[in-house]
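These values consider heavy atoms only, across backbone and side chains, with no hydrogens, waters or symmetry-generated copies.
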Amino acid sequence: MASRRISSICIARCGRSGAFTARPNLISPRPRNARMLQATPIFYEQQANVGIKRDPAPKVVRRASKVFKDADEAVADLKSGSTILSAGFGLCGTAETIIAAIERRGKDSLHSLTAVSNNAGAAGGGGLSPLVQSEQIDRLILSFLGTNKSLEERYLSGKIAIELCPQGTIAERIRAGGAGIPAFFTPTGINTLLQSGEIPVRLGPVDKATGKSTVLEAGKPRETRVFDGKIYGMETAIKADVAILRAHTVDEVGNCQFRYTTKAFGQVMGKAAKVTIVEAENIVPVGSIHPDNVHLQGIYVDRIVPATVKKVIEICKLREAEGKTGDETKKSASQARRERIARRTAKELKNGYYVNLGVAPSFLSPETKVWIQSENGLLGMGAYPTEDEIDADIINAGKETVTLVPGASTFDSAESFAMIRGGHIDVSVLGALQVSANGDLANFMIPGKVFKGMGGAMDLVGNPDQTKIVVATDHVAKDGSPKIVEQCALPLTGAKCVSTIITDLCVFEVNREKGGLTLTELALGVDVEEVKKKTGAKFAVADDVKSME
């Protein structure tokens, strides 16, 4: 049905407010017994925030050209105390050219920066590592430190403040900031130290009496509310003064096109800053990018500089040539354990499933076709590449080079975690430091010793009623202590979220509702008594215990 058009005569009959006033004889009389719905609007007085702090963001001149001659010119007016969004995942898609220019400004000229990123560079350099080492960054908001030992040591010694935040939550906080939404509720991190605010942001000197670091700045507890019988925590939006990102192709008005997994944080961060600076691998005339291929619109981009620093591949992982098999006699004991766990885990992946693995699939049977999702923005992950197939812009959540299968798609991290939290993933597979008899999972930190960050794990286990959570892990830790315990002593990643535990010794099924473990499978050469000796929790034994093989 065509929409009704309003004539100029009707418009002339509108009241002063512009609202249309119908002619009296066109209105049906109201029945005497009809009740009128009356509502009184509530007005809140808004006062100017005259006490707001100085705005450290550079100025934007709309009529000026967005193309700068180099990164040094583009960052010349960045101010100390700024909050900077740094795009990229690992070293994939990071703005290395801009970061180098910021480092050249030096600590005396540019300091006390707060940086928001998925991670703060690699152990060997790259990403935000130079700005951490130059001490220009005073505070970080990130989800993962990984193998960056120098950064971990700086945090544990109190030299830098780190606010840990789950990867998907960071992405959504940034997305909300760019969309003008001040806060939202999420299931991620409920019943963890994130919710209670007990992950320290800044540590102080070690207390000689206790041998523990003092806490100079604690985390912030999350406000909680119940929706449909489930607890959710409130997260506030992230907005910044400056965003720095790298794009493959950028036209002169700022329209950006990314390649593959470089989308991870580039799109959302480009929208959440007062000034967005993009380093472009290719700067092209207006109209060169087809409208359907614009991933970040020019309205969000303020400065464009040429990318001069080459891309770096953090972990170049290659697949073995077809027909080549490893010598079983030369495999280490740890490698044999990992392969046993991976082989059994593959049985959890059924034909047609959407599965989050984070790494390239192994030991899948040829007839089993699954869609592997990696939380850095990839659905349809394939095997590791050959040397001829390596692409620095295609990596997995482990920062390894991978390939794409036919029908694959790439997207930003906010979209990735919408798939995860929304329950669209059938199975998620994670590792563990500890897992309890009622399905609690701990896998991201050991207070005072290990501070790796949760990455995407808290989001991945946030909807266990719709996504089956499988833990794949060695049965015992390096020191021989059991990883499967009655209650987790380490900080939780998620509560009552694990359904199945697969180790090098056996398989446990978890009763998430009532608590308790049931042994259902044993590895070859392993008996129930060995499992009991190496398990820190009581468990039942199924009537028909099967072989893991």
Side-chain angles (χ1 to χ4, degrees), residues 85-95 117-119 127 143-144 167-168 170-172 174-175 178 243 245-250 255-271 278-282 289-297 300 307 311-317 353-361 369-385 389-422 424-426 428 455-456 459-460:
L85 304 176
S86 178
F89 187 87
L91 301 183
C92 179
T94 51
S117 181
N118 181 65
N119 56 292
S143 76
F144 194 64
Q167 181 184 336
I170 284 183
E172 193 65 17
I174 295 168
R175 190 205 66 78
L245 47 139
R246 180 171 179 137
H248 179 260
T249 304
V250 183
N255 292 315
C256 299
Q257 184 177 14
F258 299 93
R259 290 187 78 246
Y260 302 120
T261 55
T262 63
K263 296 184 182 79
F265 282 92
Q267 289 173 274
V268 292
M269 285 187 172
K271 301 175 183 179
V278 179
E279 63 177 69
E281 295 169 25
N282 302 281
I289 305 175
H290 190 280
D292 277 345
N293 296 329
V294 174
H295 301 135
L296 179 67
Q297 295 73 28
Y300 300 111
K311 298 177 185 178
V312 178
I313 297 177
E314 192 166 347
I315 303 175
C316 185
K317 186 91 172 186
Y353 270 18
Y354 291 92
V355 181
N356 179 280
L357 284 180
V359 296
K369 305 296 182 184
V370 299
W371 294 94
I372 305 297
Q373 196 244 28
S374 188
E375 61 261 31
N376 60 308
L378 168 58
L379 179 63
M381 178 168 62
Y384 295 120
E389 295 173 325
I390 293 173
D391 191 320
D393 294 336
I394 306 176
I395 65 165
N396 62 20
K399 286 83 174 181
E400 301 168 330
T401 50
V402 289
T403 59
L404 306 176
V405 302
S409 57
T410 57
F411 31 84
D412 65 52
S413 287
E415 185 70 41
S416 183
F417 284 93
M419 297 177 187
I420 292 166
R421 285 190 306 270
H424 305 287
I425 303 295
D426 296 298
S428 283
D459 297 281
L460 284 164

Distance-only side-chain donor-acceptor flag, E375 / N356, under 3.5 Å: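 A donor-acceptor contact under 3.5 Å links the two side chains.
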
Contact summary for [X] and [Y], nearest pair of heavy atoms:
| X | Y | answer |
| --- | --- | --- |
| F265 | N118 | CE1-CB, 3.5 Å |
| I313 | A392 | CG1-CB, 3.7 Å |
| C256 | A247 | CB-CB, 4.1 Å |
| T261 | D393 | OG1-O, 2.6 Å |
| L296 | G270 | CD2-CA, 4.1 Å |
| A280 | V250 | CB-CG2, 3.5 Å |

Non-hydrogen side-chain atoms of [X] and [Y] separated by less than 4.5 Å:
| X | Y | value |
| --- | --- | --- |
| K399 | C92 | no |
| W371 | D426 | no |
| Y384 | E400 | yes |
| H248 | T262 | no |
| V402 | K317 | no |

Roughly how far apart are [X] [atom1] and [Y] [atom2], rounded to 0.5 Å?
| X | Y | atom1 | atom2 | value |
| --- | --- | --- | --- | --- |
| M381 | L404 | CE | CG | 10.0 Å |
| M419 | Y354 | CE | OH | 9.5 Å |
| F89 | S374 | CZ | OG | 6.5 Å |
| E415 | I420 | CD | CD1 | 11.0 Å |
| K311 | R246 | NZ | CZ | 6.0 Å |
| F417 | N376 | CZ | CG | 8.5 Å |

Check whether any side-chain N or O of [X] sits under 3.5 Å from a backbone N or O of [Y] as a donor-acceptor pair, and report yes or no.
| X | Y | answer |
| --- | --- | --- |
| S117 | S86 | yes |
| E281 | A307 | no |
| N119 | G90 | yes |
| T249 | N282 | no |
| D412 | V268 | no |
| T403 | A383 | yes |

Run the salt bridge (charged side-chain N to carboxylate O under 4.0 Å, His left out) check on R259 and D391 step by step: do they pass? CA-CA 10 Å; R259 290 187 78 246; D391 191 320; 2.9 Å; yes

Going through the distances and angles, do Q373 and V355 end up as a side chain to side chain contact (heavy atoms under 4.5 Å, CB included)? CA-CA 6 Å; Q373 196 244 28; V355 181; over 6 Å; no

Cation-pi check for F258 against K263: NZ or CZ below 6.0 Å from the six-membered ring centre and within 45 degrees of the axis, yes or no?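 No.
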
